[in-house]
2 protein chains.
Amino acid sequence: MWHSYRMERKPNILIVEDEKEIAKFIDLELQAENYETVVTFDGVTGLSKFRELNPDLVILDLMLPVLDGLEVARRIRKTSNTPIIILTAKDSVDEKVTGLDSGADDYLVKPFSIEELLARVRAHLRRVNPAVTGEVRVADLVMNLDGREVFRDGRRIELSAKEFELLELFARNPGKVFNRFEIEEKVWPEYTGGSNVVDVYVGYLRRKLEGEGERRLIHTVRGVGYVLREE
Amino acid sequence: MWHSYRMERKPNILIVEDEKEIAKFIDLELQAENYETVVTFDGVTGLSKFRELNPDLVILDLMLPVLDGLEVARRIRKTSNTPIIILTAKDSVDEKVTGLDSGADDYLVKPFSIEELLARVRAHLRRVNPAVTGEVRVADLVMNLDGREVFRDGRRIELSAKEFELLELFARNPGKVFNRFEIEEKVWPEYTGGSNVVDVYVGYLRRKLEGEGERRLIHTVRGVGYVLREE
DNA sequence: TGATGCCTATGCACGTTCTCATCAGCACAT
DNA sequence: ATGTGCTGATGAGAACGTGCATAGGCATCA
């Protein structure tokens with residue numbers, strides 16, 4: 001069911017860290033910030049938990065039993081772009097560079113400040129998970145999902161319910177081309193097609209979003225459907 | 001090495017830094033890594049350059065004349081989600097937290113290692129590109145299947161639906177020779193031949209893909225059919 | 001009852017698809 | 001080489017379909 005995605009769940013964070021006290025410490029702090037957490041103590045378990053849970057973010061130590069942290073990062077990156085924050089005692093520039101180039105998004109050196117870690121977690125989640133801020137951002141478009149507000153380039157735009165749902169679908173999948181069938185299925189469920197609702201609503205959105213001489217947001221892909229692209 | 005079709009062009013980086021020697025230094029290093037750069041020395045100019053250029057990433061000092069760096073970050077975030085790396089001498093935890101919570105994606109303290117900065121730039125740029133799952137690359141041709149986009153040598157190519165399907169067939173099987181019957185079967189099913197549609201469409205593709213003096217992509221195998229080969 | 005939102009229906013404009021006829025060029029035999 | 005026959009390339013244009021704007025009907029809500 002499409003509408004379930006507005007259900008605001010707690011962001012899920014996977015911690016892979018073999019020093020048990022540190023793991024416990026981070027775990028508690030994250031829970032206090034209202035995140036859902038899972039802790040594992042070695043690379044292999046970490047990787048399998050990752051695949052099982054598909055968390056919103058991973059905090060990863062480098063010196064791990066069984067499977068090295070860098071390798072964990074690389075394997076995760078093979079199939080996912082979930083943010084990875086490396087948290088380690090290895091503080092040389094070379095190690096930082098290798099860590100980041102292995103697919104990590106951030107690299108924090110122990111001993112670290114928990115406040116900084118939390119701020120970095122927020123920064124990464126903000127980008128990935130609208131649940132955190134309730135916001136989706138694409139190009140110069142900002143959608144506030146809780147408040148059902150839409151801004152383009154700072155100016156507020158009034159949308160009806162359906163218009164908002166349609167735009168939300170596009171905004172959550174920028175760059176993906178949807179055909180009319182997919183769109184109807186998601187925005188107009190319990191609905192037997194046979195009309196051009198989609199076209200009409202795309203028209204409504206364009207009229208409201210694209211002021212005089214403004215960049216086009218929703219592009220037509222003739223013979224296929226529509227995309228939201230920044231261009 | 002860019003990991004996405006969108007990065008076929010040089011990524012554009014805006015540097016906002018008032019210490020001229022540092023700015024120059026970063027600028028040169030980034031250019032050596034094949035980025036396009038623009039340098040500004042105060043907050044207001046930085047912001048207006050940002051709006052003018054819409055860069056792929058911003059490197060931002062905090063202590064700036066005219067308009068404070070934090071304020072610049074906040075204003076950028078109002079309308080955009082371009083990655084921002086704060087680069088500053090302010091090294092307290094509080095300042096880091098404030099910086100990250102103001103919308104920055106990363107926070108690096110001076111004196112910094114240029115290698116680390118470059119690695120972080122790479123990490124952020126990598127992440128900005130929407131993970132393009134269905135991406136096919138052959139020679140200097142990039143097809144984004146989700147987005148139904150085609151690029152050759154960085155420049156975007158507009159294809160009609162049928163043209164795209166035909167090219168997709170070739171691109172998924174580079175080096176394989178297809179005869180006309182196979183092609184009709186896959187791209188024109190429910191279709192009883194008797195014409196030279198295939199030839200015509202190959203012609204269309206060639207016209208669009210192969211600019212003046214450019215390498216040939218779709219080769220004719222006389223008496224048999226066509227192949228996509230890099231040569 | 002007036003305003004707003006949701007959806008259907010219609011007609012026009014234009015891009016796309018495909019056919020057909022003709023032209024170009026390669027391959028092979030002489 | 002040269003001609004001959006055949007294959008592939010290309011241009012023109014007809015038929016078709018898609019997308020878009022617009023208008024109107026119906027329901028809901030104030």
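Chain letters run A, B, ... following the sequence lines, proteins first and then strands; every chain starts at 1.
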| said: Distance check needed: C:dA9 C1' versus A:Asp199 CG, whole Å only. | reply: 13 Å

Please list, pair by pair, any protein nitrogen or oxygen found under 3.5 Å from a nitrogen or oxygen in nucleotides 10-13 of chain C.
from, atom 1, to, atom 2, distance (Å)
C:dT10, O4, A:Asn196, ND2, 3.3

| Can you name the side-chain hydrogen bond (donor to acceptor under 3.5 Å, both in side chains) partners of A:Glu116, sequence neighbours left out? | A:Arg120, B:Lys96

| How many Å lie between CD on B:Glu163 and P on C:dG15, as a whole number? | 14 Å

| For A:His219 and C:dG15, what is the distance between atoms NE2 and C1' respectively, to the nearest whole Å? | 18 Å

| field | Distance test, side-chain N/O of A:Ser160 to OP1/OP2 of C:dC6, below 4.0 Å | value | yes

| Distance test, side-chain N/O of B:Ser195 to OP1/OP2 of C:dT19, below 4.0 Å | yes

| message | Below 30° counts as parallel, above 60° as perpendicular, anything between as tilted: where do the rings of A:His124 and B:His124 land? | response | parallel

| Should A:Trp188 be listed as having a side-chain N or O under 4.0 Å from OP1 or OP2 of C:dC6? | no

| task | Kindly indicate, with the supporting measurements, whether the criterion side-chain contact (heavy atoms from CB on, under 4.5 Å) is fulfilled by A:Ile84 and A:Tyr107. | result | CA-CA 9 Å; A:Ile84 300 175; A:Tyr107 193 107; over 6 Å; no

| task | Quick one: label B:Val200 by what it contacts on the DNA or RNA (base, sugar-phosphate, nothing), any heavy atom closer than 4.0 Å. | result | base

| query | Can you tell which of B:Val39, B:Val16, B:Leu87 makes a side-chain contact (heavy atoms from CB on, under 4.5 Å) with B:Ile59? | reply | B:Leu87

| note | A:Ser48 meets the side-chain contact (heavy atoms from CB on, under 4.5 Å) criterion, sequence neighbours left out, with none

| request: Name all residues meeting the side-chain contact (heavy atoms from CB on, under 4.5 Å) criterion together with B:Arg222; count only those two or more places apart in sequence or in a different chain, and write none if there are none. | output: none

| field | Counterpart residues, salt bridge (Lys or Arg N to Asp or Glu O under 4.0 Å), relative to A:Asp27 (two or more places apart) | value | none

| Below 4.0 angstrom, N of the basic side chain to O of the carboxylate: do B:Arg75 and B:Glu71 qualify? | yes

| note | Between CG of A:Leu205 and C1' of C:dC6 the distance, given in whole Å, is 14 Å

| said: Between B:Tyr204 and B:Arg180, which residue's closest nucleotide on DNA chain D lies nearer the 5′ terminus? | reply: B:Arg180

| task | With a 4.0 angstrom cut-off to heavy atoms of chain A, pull out the first and last contacting nucleotide of DNA chain D, in 5'-to-3' order. | result | D:dG17 to D:dT22

| Side chains of B:Thr45 and B:Asp42: donor-acceptor distance under 3.5 Å anywhere? | yes

| For atom CD of A:Glu165 and atom P of C:dG5, their distance in whole Å | 14 Å

| task | Give the rounded distance in Å between these two atoms: CZ of B:Arg148 and P of C:dT16. | result | 13 Å

